[in-house]
Participant: 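Okay, handing you the structure first.
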Protein chains: 2
Amino acid sequence: MARLPIYHRVLSQITERGIITVSSEELAAASGVSSAKLRKDLSFLGSYGTRGVGYDAAYLLYQIQRELGLTQDWPVVIVGVGNLGHALANYGGFANRGFRVVGLIDADPALVGETITVGRDGQTLMIHSLDDLEKIVTEVDALIGVIATPAAAAQDVCDRLVDCGVTSILNFAPVVLTTSSAVHVRKVDLATELQILAFHEQRRGDAHEVIV
Amino acid sequence: MARLPIYHRVLSQITERGIITVSSEELAAASGVSSAKLRKDLSFLGSYGTRGVGYDAAYLLYQIQRELGLTQDWPVVIVGVGNLGHALANYGGFANRGFRVVGLIDADPALVGETITVGRDGQTLMIHSLDDLEKIVTEVDALIGVIATPAAAAQDVCDRLVDCGVTSILNFAPVVLTTSSAVHVRKVDLATELQILAFHEQRRGDAHEVIV
DNA sequence: ACCTGTGAAAGCCTTCACAGCA
DNA sequence: TGCTGTGAAGGCTTTCACAGGT
């Protein structure tokens, strides 16, 4: 379920504050969902709550971690180290959730060979040539790939990643990737998100005009 | 509808290639949806197709642009010019879809006063202090705000943006923002996206184990 | 012959409401 | 009494299938 990561984050914060038990009502409010929805979601994992009391925060957190696969370490390769790829490589939120950026690949010869900081601990990683994609991915044994290339390059990169055994892809390029159905592709399109907001803004404006 | 931006992008590419008419089947395939779904979506806008023929690509594109509010120009303010904010400011995909980054704000005094390139045309924009948020937002009359700050600062920034009249917010900080229901908030959480992929990866592994 | 537009059916997700247990 | 777990109801989205134009 797509909401588990949210519960995971909220529970992390709650346990850090030393809270032992939490009710579905409280957890739901902090996650921005209804309590009924939250209980349905959690019941999908099993019965980890206590009637009349609530959920043991630490235990529930562990169960969600297990379900999300955060008890293990996922090597991630980022292809395309432009502004966005750079931001992703630097993003501190990955490390403490089980993701380790272990490969950086870019087509620009000016970038190849440069080392950049990965995560927040000051570790550095060298940028490799697109020609070495197969070598790098196989070497680090990555199952997850991030595509932060221009749109034109994305499909080719995707095909090559899949050929090397990558089975999950996070795509930031504004194209619809076609792959075998065995590969999981998620897309994040920054411009699309803004367009959806603009759409609502405009509707708001239309409504106003009618009122006026 | 959340899929209109995808159709918009696909149609842009199609018209650039000089194609005049397009069937629901073709457009759906290029957009990664079923043809029935696409026709339902488009019928929501009105009857812009011709039975037995298909859709006039240019005309349909215009109608979608109008519906999405892309025929007008949306001033956007970005708060938080770290790696991600920087990437967003530089992102070329905004300009040609009606979005104009007109304000950059950051709390870090080291960044304030610096000018960075915005969009792909080499225009530059100065980074302003968080203290001047109200002044800047009012000045440029932005209705759309992007929050790319650390999690701890996000809610405060959000409140201040809303107070200045911002009614749509794109939030990259990993927190659930609470606002008046009149404000549209969309959230993009990079770590969450990876977690969802890892979730599927793990399920895949589980299935394997059962088979073995 | 071909392709759109759309009612009807099916499926999925959310909400309600309460039984059941601490 | 209080809160979880869950059937049942309701609403929304997708798919089906075909009538209706060109």
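Chain letters run A, B, ... following the sequence lines, proteins first and then strands; every chain starts at 1.
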Participant: Once you round it to whole Å, what is the distance between P of dT15(C) and CD of Glu25(A)?
Facilitator: 13 Å
Participant: Decide yes or no on side chain to side chain donor-acceptor pair (under 3.5 Å) for Thr71(B) and Arg66(B), but give the supporting numbers first.
Facilitator: CA-CA 6 Å; Thr71(B) 49; Arg66(B) 205 168 52 85; over 6 Å; no
Participant: Would you mind classifying the nucleic acid contact of Tyr48(B) as base, sugar-phosphate or nothing, using non-hydrogen atoms under 4.0 angstrom?
Facilitator: sugar-phosphate
Participant: In terms of side-chain geometry, is the basic nitrogen of Arg203(A) or Glu67(B) positioned less than 4.0 Å from the acidic oxygen of its partner?
Facilitator: yes
Participant: Using only side-chain N and O atoms of Ser24(A), determine if any of them is under 4.0 Å from OP1 or OP2 of dC3(D).
Facilitator: no
Participant: Between the protein and nucleotides 17-19 of chain D, are there any N/O to N/O pairs under 3.5 Å, and if so, what are the atom names and distances?
Facilitator:
from	atom 1	to	atom 2	distance (Å)
dA17(D)	N6	Arg39(B)	NH2	3.4

Participant: Under a 4.5 Å cut-off applied to non-hydrogen side-chain atoms, are Leu70(B) and Ile64(B) in contact?
Facilitator: no
Participant: Quick check for you: among dT14(D), dG5(C), dT22(D), whose closest atom lies nearest to any side-chain atom of Tyr55(B)?
Facilitator: dG5(C)
Participant: Suppose we screen for side chain to side chain contact (heavy atoms under 4.5 Å, CB included). Which residues come up paired with Ala191(B), at least two apart in sequence or across chains?
Facilitator: Tyr91(A), Phe94(A), Arg97(A), Asp189(B)
Participant: Please tell me which of the listed nucleotides, dG5(D), dG5(C), dT14(D), lies nearest to the side chain of Arg3(B)?
Facilitator: dT14(D)
Participant: Whole angstroms only, please: what is the CG-P distance between Leu45(A) and dT6(D)?
Facilitator: 12 Å
Participant: How long is the span from the CG atom in Asp141(B) to the CD1 atom in Ile136(B), to the nearest 0.5 Å?
Facilitator: 13.0 Å
Participant: Mark yes or no for a side-chain to base donor-acceptor pair under 3.5 Å between Lys40(A) and dT15(C), with no hydrogen or angle criteria applied.
Facilitator: yes
Participant: Does the side chain of Ser34(B) get closer than 4.0 angstrom to OP1 or OP2 of dT15(D) through an N or O atom?
Facilitator: yes
Participant: Tell me the interatomic distance from Leu42(B), atom CG, to dT6(C), atom C1', rounded to whole angstroms.
Facilitator: 13 Å
Participant: In whole angstrom, give the distance that lies between atom NZ of Lys37(A) and atom P of dG5(D).
Facilitator: 18 Å
Participant: Let me know the distance between CG of Leu38(A) and C1' of dG5(D), rounded to the nearest Å.
Facilitator: 12 Å
Participant: Roughly, in whole Å, what's the span from CG in Leu60(B) to P in dC3(C)?
Facilitator: 16 Å
Participant: Do NZ/NE/NH1/NH2 and the carboxylate oxygens of Glu193(A) and Lys187(B) come within less than 4.0 Å?
Facilitator: no
Participant: Write down the distance between CD (Glu26(A)) and C1' (dG2(D)), rounded to a whole number of angstrom.
Facilitator: 12 Å
Participant: Based on the rotation axes of five pairs at each end, what angle does the helix from dA1(C)-dT22(D) to dA22(C)-dT1(D) bend through, to 10°?
Facilitator: 0°
Participant: When the nearest nucleotide of DNA chain C is assigned to Val53(A) and to Gly46(B) on a heavy-atom basis, which residue is associated with the more 5' position?
Facilitator: Gly46(B)
Participant: Asp41(A) has an atom CG; how far is it from atom P of dT15(C), in whole Å?
Facilitator: 11 Å
Participant: Tell me, with the steps shown, if Tyr55(B) and Tyr48(B) meet ring-ring contact (aromatic ring centres under 6.0 Å, His included).
Facilitator: CA-CA 7 Å; Tyr55(B) 298 91; Tyr48(B) 297 129; 8.8 Å; no
Participant: For residues Leu125(A) and Val101(A), report the shortest heavy-atom separation together with the two atoms involved.
Facilitator: CD2-O, 3.5 Å
Participant: Which of these nucleotides, dT15(C), dT22(D), dA22(C), is closest to any side-chain atom of Thr50(A)?
Facilitator: dA22(C)
Participant: Heavy atoms only: give me the nearest Glu201(B)-Leu143(A) pair and the separation to one decimal.
Facilitator: OE1-CD1, 3.8 Å
Participant: Contact between Val157(A) and Leu130(A) at the side-chain level, heavy atoms closer than 4.5 Å - yes or no?
Facilitator: yes
